[in-house]
Amino acid sequence: MKNINKNLSILGLIVMLLVTFSCSDFLEEENKSRETDAVANLNPEFFHQLVAEVYNRMRAVTSAYDLDFNGTDIFTRGDIIAGINELNDYVNLRPVNGSVSNHWFVNYRMISAANTAIDRSSEIVGLTDQIRTVGIAEAKFFRAYGYFSLVENFGGVPLVLNELRSASVDFSRNTEEEVYTQIIADLNDALQGVPDAPSQYGRVSKNAVRHLLSKVLLTRGYKNFGTSQDFTQAAALAETVIGAHPLVGDFASLVSRSNQRNSEVIFAVLYGSDPVSRGVGNSRHLLFKFVYDVYPGQTRSTLYHRGLGQAPTPYFFSLYQDGDQREAATIRRLMLAEVNDATANISVGDTSIYFPKTPWAQSQIQGKRYVVVNPANYFIPNGFTQVHYPMFRKFDDPGVPYTNPGINPDGERDAIIMRAGETRLIAAEAYLNSNNTSKAAEHINAIRSRAGLNTPITANQITIDLILDESARELAGEVSRWMDLKRTGKLIERVLAHNPHAALNNAIRPFHLLRPIPQAEIDVTGGALSQNPDYN
């Protein structure tokens, strides 16, 4: 009897199609994993489940952080400035790197689910035209999202656009231009099919498609197969999105858990408090945090939480000027004791660790019961930990159980994937590349004004470096910093200037603008997949 779970993912990623549910508001759980094709195709609900699985697989895609953050100007590894690291320091980065392989896997796994939903939509009886159209459009949006990440990280990759119903290893790479053509075609189809305002929160809207298409076109505009029209179209799409998604009045309110569903959000991956629909949970509350619980007055907290390994660079902390409200909403310079510590004479609620923005003299530090860490000492052992720095607070998920790395994080907050703050930055960059710096300045100033910075940026001050710095302050930890630096041609320059570990090793080279194709994928195709230059 033919089971729907026999379908094989591409390129050796042989996984069973788990027809489970996204935690989105519009779905409820029902196990269809053992139904035959003949039975499943008679039930229109089966199509909803296939589309739900695409949403579900987006979770793994948007929580595969390593390639997005490591080895950039504003994020580095959470170690002392010594030794070597493949991904962050670009030293001996190899095709067997686990983070590289995982990035390939989760994106193709989502693409596989999208292909299944698209292809089977014509086989399932009882579907209305509207439901079929919307579901296909949603699947194409996610397929485009996956291919956009793959093509920027790996260059030309195999375009697989149909469900694989039997094992296959006959895959070769399409060109980068061909992949971009397919991404844009999928997004244009998605734009026609999804609604302006979905009735259920969490589903793809036209503005989510416009936002992604704007970013794709902006990126293509820099390529040798791009044109100036890409920048013009990117700006126009961004303007439409911005008009429908006004900025939240202040940044602290924007990142507040209690206000996570607001006018600025364009698309989010939902988690929630239901342990069944939540799955492993959101992990963003663990980003950019050190092992703080060994300090006097600290414990394994359900507020502070322990991190995943990446750390902000000193350059990142230096970017915030006085009066920028995003600083206090993004990072925590003051940590309060959560348990009594008689030895250190610290009680619950006392200051436990403090990170002054400007260095304190030793005379100021002497006699303090709490630990003071000056900016120059973030990566110097202090007797408690090897590294220590102001921890991120913008993703805090208070009350979620403390977990160590490798354990389900169980985070309940939505993961905001697209918001209008980024759309304005996309518009600014597109206008800069269209030689319209006045419009670029308009969008930069809208973001800065919301942050409490009232001295406007003038048109002649607009540069790509200014936009990248503004993006760091506004979007740190929310979008792929690596892709932003690569797109703008600033990756090597800014990594060597601002990433202390990568600068120490001085190993980043132009070939690192692409990741190595995972060796397992090359092996399973018998060498039909070619490796990127200098990784052989």
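- Shown here are the salt bridge (Lys or Arg N to Asp or Glu O under 4.0 Å) partners of Arg448, two or more places apart in sequence or in another chain: Glu470.
- Counted by atom type alone, Gln310 and Asp66 present one or more donor-acceptor pairs between their side chains at under 3.5 Å.
- Take Val96 and apply the side-chain contact (heavy atoms from CB on, under 4.5 Å) test, not counting sequence neighbours, and it matches Arg94, Gln519.
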Would you check, one step at a time, whether the test salt bridge (charged side-chain N to carboxylate O under 4.0 Å, His left out) holds for Asp396 with Arg257?
CA-CA 8 Å; Asp396 278 356; Arg257 175 176 166 173; over 6 Å; no

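- Taking the ring pair (Phe, Tyr, Trp, His ring centres under 6.0 Å) definition, one finds that His501 meets it with Phe379, sequence neighbours left out.
- When the salt bridge (Lys or Arg N to Asp or Glu O under 4.0 Å) test is applied to Lys357, the partners found at least two apart in sequence or on another chain are Asp322, Glu327.
- For the atom pair Phe251 CZ and Gln325 CD, the distance stands at 10.5 Å (nearest 0.5 Å).
- Rounded to the nearest 0.5 angstrom, Glu422 CD and Ile426 CD1 are separated by 4.0 Å.
- With sequence neighbours left out, Gln366 forms a side-chain contact (heavy atoms from CB on, under 4.5 Å) with Gln362.
- Rounded to the nearest 0.5 angstrom, Asn153 CG and Ser480 OG are separated by 6.5 Å.
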Contacts table for residues 344-351: side-chain donor-acceptor under 3.5 angstrom, sequence neighbours left out:
unit_1	atom_1	unit_2	atom_2	d
Asp350	OD2	Ser347	N	2.8

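- For His103, the ring pair (Phe, Tyr, Trp, His ring centres under 6.0 Å) criterion is met by no residue, not counting sequence neighbours.
- A distance of 9.0 Å separates NE2 of His245 from CZ of Arg210, quoted to the nearest 0.5 Å.
- Under the salt bridge (Lys or Arg N to Asp or Glu O under 4.0 Å) criterion, Glu474 pairs with Arg326, Arg419, Arg450, sequence neighbours left out.
- Residues satisfying the ring pair (Phe, Tyr, Trp, His ring centres under 6.0 Å) test with Tyr370, not counting sequence neighbours, are none.
- The closest side-chain donor-acceptor pair between Ser352 and Gln298 falls under 3.5 angstrom.
- Donor-acceptor pairing under 3.5 Å is lacking for the side chains of Asn506 and Tyr90.
- For the pair Tyr389 and Pro314, the minimum side-chain heavy-atom distance is 4.5 Å or more.
- Once rounded to the nearest 0.5 Å, the distance linking CZ of Arg473 with CG of Asp324 reads 6.5 Å.
- At a threshold of 4.5 Å between non-hydrogen side-chain atoms, the residues Val54 and Phe141 do not count as touching.
- A search for side-chain contact (heavy atoms from CB on, under 4.5 Å) contacts involving Pro456 returns Asn445, not counting sequence neighbours.
- One finds the NE2 atom of His498 at 9.5 Å from the CG atom of Leu485 (value rounded to the nearest 0.5 Å).
- In this structure, a donor-acceptor pair under 3.5 Å is present between the side chains of Glu138 and Tyr55.
- Minimum interatomic distance between Leu513 and Trp482 (heavy atoms only, all atoms of both residues): O-CH2, 3.3 Å.
- By the salt bridge (Lys or Arg N to Asp or Glu O under 4.0 Å) test, Glu442 is found to be paired with Lys439, residues two or more places apart in sequence or in another chain being considered.
- Salt-bridge formation is detected for the pair Asp89/Arg77: a Lys NZ or Arg NE/NH1/NH2 atom is positioned less than 4.0 Å from an Asp or Glu carboxylate oxygen.
- Not a single ring pair (Phe, Tyr, Trp, His ring centres under 6.0 Å) links His211 to another residue, sequence neighbours left out.
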